[in-house]
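In what follows, a structure is listed as structure tokens, so that the remarks can point back to it.
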Amino acid sequence: MVILSKPAIEQFGCIRNKQAATLFPPLIPLVDLSKPDSRQQIIKACEEFGFFKVINHGVPMDFISRLESEATKFFSLPLSEKEKTGQPQPYGYGNKRIGPNGDVGWVEYLLLTTNQDPNLLGTENPESFRIALDNYMAAVKKMACEILEMIADGLKVQPRNVLSKLMMDEQSDSVFRLNHYPPCPEVVQSLNGTSSNVIGFGEHTDPQIISVLRSNNTSGLQISLRDGTWISVPPDQYSFFINVGDSLQVMTNGRFKSVKHRVLANSVKSRLSMIYFCGPPLSEKIAPLPSLMRGDQQSLYKEFTWFEYKKSAYSSRLADNRLMHFEKIVAS
Ligand SMILES: C=C1C[C@]23C[C@H]1CC[C@H]2[C@@]12CCC[C@@](C)(C(=O)O1)[C@H]2[C@@H]3C(=O)O
Ligand SMILES: O=C(O)CCC(=O)C(=O)O
Ligand SMILES: [Fe+2]
């Protein structure tokens, strides 16, 4: 990490929750992929939270630990070595700056596209890093495909690969990200360690279809409930967390809502997370699935392609409501 000229708190701002912390926050929906009723649970979780945790996911623990150890090695290299993987435009190594429009966080990251070989120049053993990435991504992609098929089944839309085929397409514009949140000495941590006053990754929704997140055992991730309260997601290194993205919100014509989330920095422990963002091909039209539309029901959104949405996302700030510009003004 680079040395800061100003204290982190001044640079990244203090968090003030708009609402008092809820005494009994709801539990994060838990989906056991090996159970026969998991698709109904997934639909319910996507409707109520846009977020859920999965167990019995089938991703070998060995792939997860191999990538975790490669990523840890990568982030402990000197800054000059990490920078050899390229400035994020948008892919490459980034430090504190997120996206091109002035967002900052207490985080460093490696952002990769899944359909191009990553530039791992500067890393100690590029070959073993590459193998770890390939194995992990292939296994997570398979799980994401199963989840999207369960969603299609649960929504009773056919064929069951309507959603999964978008991310399985050779041209799919999926993205992979490794995030490292070093301990932040200036953090004033709450007593139970579930909140802090420095932003690691500012609030936002993910633009893609779904995102599949795995982290080490360090807390920090929070999701926003529909009433605006933030709840902390207890970390679980053996499970995955699924976010509904903006594209799935549009494809379900608003039945699912993308989840607003953020990461708060920790004073003592590093957080390492790996996220697979399932995106469609650039030329794909993002629109409500026709079989979900009843009678004369209209789309809530204007017509747009993933290319147009991505372009618009890259001219926005992290916390912006990106879908707003694509909502139809419907006469009532
Ligand atoms: C300010 C930013 C930074 C963006 C684009 C734009 C708005 C949303 C951000 C994300 C969030 C989800 C992953 C990512 C890769 C994505 O697709 O959208 C991010 C991207 C980046 O970090 O480059
Ligand atoms: O690092 C995390 O835990 C979440 C980061 C995130 O939301 C993102 O990269 O889009
Ligand atoms: Fe995100």
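Order of appearance sets the numbers: ligands from 1, and atoms from 1 within every ligand.
Identified under the side-chain hydrogen bond (donor to acceptor under 3.5 Å, both in side chains) test for residues 41-68, with sequence neighbours left out: D32-N56, S34-N56, D37-Q41, E47-R255, K53-D236, E68-R214.
Of all atoms in ligand 2, numbered sequentially from 1 with element shown, those under 4.0 Å from a heavy atom of Y181 are 1 (O), 2 (C), 4 (C), 5 (C).
In this structure, K73 pairs ionically with E70, as a charged nitrogen and a carboxylate oxygen lie closer than 4.0 Å. Here E108 pairs with K82 in a salt bridge; the nearest charged N to carboxylate O distance falls below 4.0 Å.
Contacts with ligand 2 closer than 4.0 Å are made by no heavy atom of R262, backbone or side chain. Heavy atoms of N243 found under 4.0 angstrom from ligand 2: none, in either backbone or side chain. Contacts between L111 and ligand 1 below 4.0 angstrom, taking non-hydrogen atoms only, involve the side chain exclusively. Contacts with ligand 2 closer than 4.0 Å are made by no heavy atom of V107, backbone or side chain. When non-hydrogen atoms are compared, ligand 2 lies under 4.0 Å from neither the backbone nor the side chain of Y109.
Of all protein heavy atoms, the one lying nearest to atom 5 (C) of ligand 2 is N179 ND2, 3.3 Å. The protein atom (non-hydrogen) at minimum distance from atom 10 (C) of ligand 1 is P207 CD, 4.3 Å. Here the heavy atom of the protein found nearest to atom 2 (C) of ligand 1 is G99 CA, 4.0 Å. Among all protein heavy atoms, the one lying closest to atom 14 (C) of ligand 1 is R177 NH1, 4.0 Å. Closest to atom 3 (O) of ligand 2, if we only count protein heavy atoms, is R271 NH2, 2.6 Å.
At least one N/O-N/O distance between Y314 and ligand 1 falls below 3.5 Å. Considering backbone and side-chain N/O atoms, Q208 comes within less than 3.5 Å of an N/O atom of ligand 1.
Note on ring orientation: taking the six-membered ring where Trp is involved, the planes of Y309 and F326 are perpendicular (angle over 60°, cut-offs 30° and 60°).
Rounded to 10°, the angle formed at the Fe ion (ligand 3) by H261 NE2 and D206 OD1 is 90°.
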Under 3.5 Å, which donor-acceptor pairs do the side chains of residues 282-289 form with other protein atoms, sequence neighbours left out?
none

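Closest to atom 10 (O) of ligand 2 by heavy atom, among R214, M274, H204, R177, is H204.
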